[in-house]
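Contents: one structure, followed by commentary.
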Amino acid sequence: GLAHVGTQIRALGEACADAGVPGPWALAPTPVVERLELGNVVLAAGGALRSLDPAALRAAGPHPAAVLDEHAAAALTERVRRS
């Protein structure tokens, strides 16, 4: 399923910490992150994320969408690791 995504989120998180920037965020179809289904996940990182509102991004679509900030993306990584 999402084992590779979990690895990528962790690696990008380490790079963000080294660079002193927020992230990573994950954007994906809701079923992918809720049911840990195989699918596409876009990762984003950088200072511009500080000004973004996850709810506004979800509302902008496409629908159904999941927008995970850095804390929710880290939680997804743990869920993937345990599954």
Side-chain angles (χ1 to χ4, degrees):
L2 297 180
H4 183 67
V5 171
T7 301
Q8 295 301 302
I9 291 172
R10 281 191 299 278
L12 185 54
E14 291 171 8
C16 289
D18 290 345
V21 298
W25 283 32
L27 301 94
T30 301
V32 170
V33 296
E34 285 184 353
R35 297 190 296 253
L36 303 181
E37 291 181 354
L38 185 60
N40 293 321
V41 178
V42 175
L43 302 180
L49 295 175
R50 290 187 178 111
S51 63
L52 297 179
D53 175 20
L57 288 173
R58 276 190 297 278
H63 302 287
V67 178
L68 308 178
D69 65 13
E70 57 195 304
H71 305 292
L76 174 62
T77 300
E78 283 303 309
R79 284 182 52 224
V80 167
R81 188 184 61 77
R82 288 190 307 259
S83 66

Do [X] and [Y] share a hydrophobic cluster, counting only Ile, Leu, Val, Met, Phe, Trp and Tyr and linking them when any side-chain heavy atoms are less than 4.5 Å apart?
| X | Y | answer |
| --- | --- | --- |
| V21 | L43 | no |
| V80 | L12 | yes |
| V5 | V33 | yes |
| V67 | L52 | yes |

Provide the full list of side-chain hydrogen bond (donor to acceptor under 3.5 Å, both in side chains) pairs with a residue in residues 24-51, sequence neighbours left out, each pair given once. R35-E37
Non-neighbouring partners of R79 that pass side-chain hydrogen bond (donor to acceptor under 3.5 Å, both in side chains), sequence neighbours left out: none
Where is the tightest heavy-atom contact between [X] and [Y], given as atom of each residue plus distance?
| X | Y | result |
| --- | --- | --- |
| V41 | A28 | CG2-CB, 3.9 Å |
| T77 | G6 | CG2-O, 3.7 Å |
| C16 | P22 | SG-O, 3.9 Å |
| P54 | D69 | CG-CB, 4.4 Å |

Do I9 and L76 touch side chain to side chain, with heavy atoms closer than 4.5 Å? yes
